[in-house]
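Since we're looking at a predicted model, the values are computed, not measured.
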Amino acid sequence: MARTRDTDACPGALQVHQAADGALARIRLPGGMVTAAQLATLAGLSNQFGSATLELTSRGNIQLRGITDVAAVAEAIGAAGLLPSATHERVRNIVASPLSGRVGGNADVRAWVGELDAAIRAEPRLAALGGRFWFSFDDGRADVSGLGADVGVHVFPNGPRLLLTGRDTGVKVADVTETLIGVALRFVEIRGKSWRVTELTDIGELLPGVELGIAFPPVTKPPVGWIAQEDGRVTLGAAPPLGVLPARVAQYLGAIEAPLVVTPWRSVLICDLDEAVADTALRVLAPLGLVFDEKSPWLNISACTGSPGCTHSAADVRADAARSLAADSDAHRHFVGCERACGSPLAGAVLVATGSGYRQFRP
């Protein structure tokens, strides 16, 4: 079903959202990739102008809340290289297998991320794409394909194939960037009031004659802990509880001066570490509240912003989610403050606040 809203209200670094706790900016990180210096910049901005926290999103982006000087923050984000296009900043939504090129997979998709990002910014018509439309690159491990991107590529053993809404089309892809840009342009032509492919009344208009296969199963947990890379180095997977990264902890991450990847499961990968550096980093970061244990109950819960940051919310859902750890199960549970169910994953239970408790919004 198409949205009734004619304009795109999805926030960016320039078009911010006025939340209950102040202005909110969302910084796009294609492929979740961010440098240590860039993360340190965002942490400093949050300390100086915001809530002193960074929110990691389910698209591998970062949000700053409670911003008191939007212009100063936007200027600093641009100076850090995080705003390469004012016209296309909200449509640079690209998710990729976070460990690609370091551990496993059928191909290294990182170069495709950069190529697609550049191609999106070079096409004026794609400025109208909308901030909720997104692309995915799965290197074959089936981690991000199940998240249901509007259009993506999955690398099978015999090569890449095109996906729509997380479903295999069977279409083999020769030129990845050209193919994805072509689908996105066609969507802009036919979308009407739709902002996502799933909102089209007839997906066949987008890709005539193609039948969609079974959807990939969604993944709900991030890779955490000590992850041995194929080159002998180490990646550390760290998950801040509920995806809220204190700015102080982000500054510690930046101080390691290693490549960083924000995952679509609201976690961070600290990559390409020597074993001695990884061991020291783990000893420093673990006491700061980051989760490195794959059996931690924190990995089984998530939540929308809730009160007091959102006027729609009937409860402080993050606090309630944290209190629910004692009753944790293996199933994922997502707590939301209203019927909009923001940030809900594709698998697990969604619990909506009623003002006097929670009811199951989705089993």
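- Looking at every heavy atom in both residues, Ala80 comes nearest to Thr41 through CB-CG2, 4.1 Å.
- Thr57 OG1 to Ile62 CD1: the interatomic distance, rounded to the nearest 0.5 Å, is 8.5 Å.
- Nearest heavy atoms, Ala74 versus Leu83: O-CD2, 4.1 Å.
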Without placing hydrogens or testing angles, list every side-chain donor-acceptor pair under 3.5 Å for residues 102-109, not counting sequence neighbours.
{"unit_1": "Arg102", "atom_1": "NE", "unit_2": "Asp272", "atom_2": "OD1", "d": "2.8"}
{"unit_1": "Arg102", "atom_1": "NH2", "unit_2": "Asp272", "atom_2": "OD2", "d": "3.1"}
{"unit_1": "Asn106", "atom_1": "ND2", "unit_2": "Val155", "atom_2": "O", "d": "2.9"}
{"unit_1": "Asp108", "atom_1": "OD1", "unit_2": "Arg110", "atom_2": "N", "d": "3.1"}
{"unit_1": "Asp108", "atom_1": "OD1", "unit_2": "Arg110", "atom_2": "NE", "d": "3.0"}
{"unit_1": "Asp108", "atom_1": "OD2", "unit_2": "Arg110", "atom_2": "NE", "d": "3.3"}
{"unit_1": "Asp108", "atom_1": "OD2", "unit_2": "Arg110", "atom_2": "NH2", "d": "2.8"}

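- Judged by distance alone, with hydrogens and angles left aside, the side-chain atoms of Glu89 form a donor-acceptor pair with the main-chain N or O of Ala13 at under 3.5 Å.
- Looking at Arg233 and Asp274, their side chains come closer than 4.5 Å, going by heavy atoms from C-beta outward.
- Not one N or O on the side chain of His154 forms a donor-acceptor pair closer than 3.5 Å with the backbone of Arg167.
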Worked verdict on Leu116 versus Val176 for side chain to side chain contact (heavy atoms under 4.5 Å, CB included): CA-CA 8 Å; Leu116 179 61; Val176 170; over 6 Å; no
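- With rounding to the nearest 0.5 angstrom, the CG atom of Leu164 is 11.0 Å from the OG1 atom of Thr198.
- A continuous path of ILVMFWY side-chain contacts below 4.5 Å connects Val171 to Ile203, so both sit in one hydrophobic cluster.
- Contact check for Tyr358 versus Val352: no side-chain heavy atoms found under the 4.5 Å cut-off.
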Steps toward side chain to side chain contact (heavy atoms under 4.5 Å, CB included) verdict (Leu42, Gln38): CA-CA 6 Å; Leu42 295 179; Gln38 288 171 335; 5.8 Å; no
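- Across all their heavy atoms, Val173 and Arg161 have their closest contact at CG2-C, 3.8 Å.
- Remark: Glu115 pairs with Ala111, Trp112, Thr177 by the side-chain contact (heavy atoms from CB on, under 4.5 Å) rule, at least two apart or across chains.
- Residues Leu163 and Val153 do not share a hydrophobic cluster, clusters being chains of Ile/Leu/Val/Met/Phe/Trp/Tyr side chains in contact below 4.5 Å.
- You'll find the side chain of Leu180 reaches within 4.5 Å of the side chain of Leu162, heavy atoms only.
- Here the side chains of Leu54 and Leu39 are in contact, with some heavy-atom distance below 4.5 Å.
- Transitive grouping of hydrophobic side chains (ILVMFWY, heavy atoms separated by less than 4.5 Å) brings Val183 and Val210 into a common cluster.
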Only pairs under 3.5 Å count here: list side-chain donor-acceptor contacts from residues 238-264, not counting sequence neighbours, and write none if there are none.
{"unit_1": "Thr263", "atom_1": "OG1", "unit_2": "Trp265", "atom_2": "N", "d": "3.1"}
{"unit_1": "Thr263", "atom_1": "OG1", "unit_2": "Ser267", "atom_2": "N", "d": "3.4"}
{"unit_1": "Thr263", "atom_1": "OG1", "unit_2": "Ser267", "atom_2": "OG", "d": "2.7"}

Leu212 vs Thr169, side chain to side chain contact (heavy atoms under 4.5 Å, CB included): CA-CA, chis, key distance, verdict: CA-CA 5 Å; Leu212 301 184; Thr169 66; 3.7 Å; yes
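- Surrounding NZ of Lys221 are more than 12 heavy atoms belonging to other residues, nucleotides or ligands, all under 6.0 Å away.
- Although no hydrogens or angles enter the test, the distance criterion places a donor-acceptor pair under 3.5 Å between the side chain of Asp138 and the main chain of Arg141.
- No more than 12 heavy atoms of other residues, nucleotides or ligands shown are found within 6.0 angstrom of CD on Glu294.
- One N or O on the side chain of Ser313 and one on the backbone of Ala315 form a donor-acceptor pair closer than 3.5 Å.
- Of all heavy-atom pairs spanning Cys310 and Arg340, the tightest one is SG-NH2, 3.5 Å.
- Without hydrogens or angle criteria, Thr68 side chain to Phe49 main chain gives a donor-acceptor distance under 3.5 Å.
- Inter-residue side-chain proximity for Asp293 and Val224 is flagged as unmet; no heavy-atom pair is nearer than 4.5 Å.
- Put simply, the side chain of Arg90 gets close to the backbone of Asp8: a donor and an acceptor are under 3.5 Å apart.
- Side-chain contact between Pro98 and Asp143 is present, with heavy atoms from C-beta onward closer than 4.5 Å.
- More than 12 non-hydrogen atoms from other residues, nucleotides or ligands lie less than 6.0 angstrom from CD of Gln18.
- For Ala20 against Thr311, the heavy-atom pair with the smallest separation is CB-CG2, 3.5 Å.
- Shown here is Glu205, whose CD atom has more than 12 heavy atoms of other residues, nucleotides or ligands within 6.0 Å.
- Summarising the geometry of Val219 relative to Leu147, their closest heavy-atom pair is O-CD2, 3.8 Å, with the distance given to 0.1 Å.
- Considering CG of Leu126 and NE2 of His88, their distance stands at 5.5 Å, rounded to 0.5 Å.
- Within a 6.0 Å sphere centred on CD of Glu275, heavy atoms belonging to other residues, nucleotides or ligands number 12 at most.
- Without hydrogens or angle criteria, Glu199 side chain to Trp195 main chain gives a donor-acceptor distance under 3.5 Å.
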From CA spacing to verdict: side chain to side chain contact (heavy atoms under 4.5 Å, CB included), Arg26, Gln63: CA-CA 4 Å; Arg26 183 176 299 158; Gln63 293 184 163; 2.7 Å; yes
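- Val73 is not connected to Leu24 by any chain of hydrophobic side-chain contacts under 4.5 Å among Ile, Leu, Val, Met, Phe, Trp and Tyr, and they are in different clusters.
- With hydrogens and angles ignored, the 3.5 Å screen pairs a side-chain donor or acceptor of Asn93 with a backbone N or O of Gly131.
- Looking at Phe135, Trp134, Phe133 one by one, the single match for ring pair (Phe, Tyr, Trp, His ring centres under 6.0 Å) with Phe187 turns out to be Phe133.
- A donor-acceptor pair under 3.5 Å is formed between the side chain of Asp150 and the backbone N or O of Val197.
- Side-chain atoms of Arg121 do not come within 3.5 Å of backbone N or O of Pro84 as any donor-acceptor pair.
- Note that the CD1 atom of Ile27 and the CZ atom of Arg92 stand 11.0 Å from one another [nearest 0.5 Å].
- Counting heavy atoms from C-beta outward, Pro223 and Leu99 have side chains that approach closer than 4.5 Å.
- Hydrophobic clustering (side-chain heavy atoms under 4.5 Å, transitive across Ile, Leu, Val, Met, Phe, Trp, Tyr) keeps Leu285 apart from Trp298.
- In this structure, CG on Leu185 lies 11.5 Å from CD1 on Ile190, to the nearest 0.5 angstrom.
- Contact annotation: the side chain of Leu29 approaches that of Leu82 to within less than 4.5 Å [non-hydrogen atoms, C-beta and beyond].
- Atom-to-atom distance recorded for Glu55:CD and Leu64:CG is 9.0 Å, nearest 0.5 angstrom.
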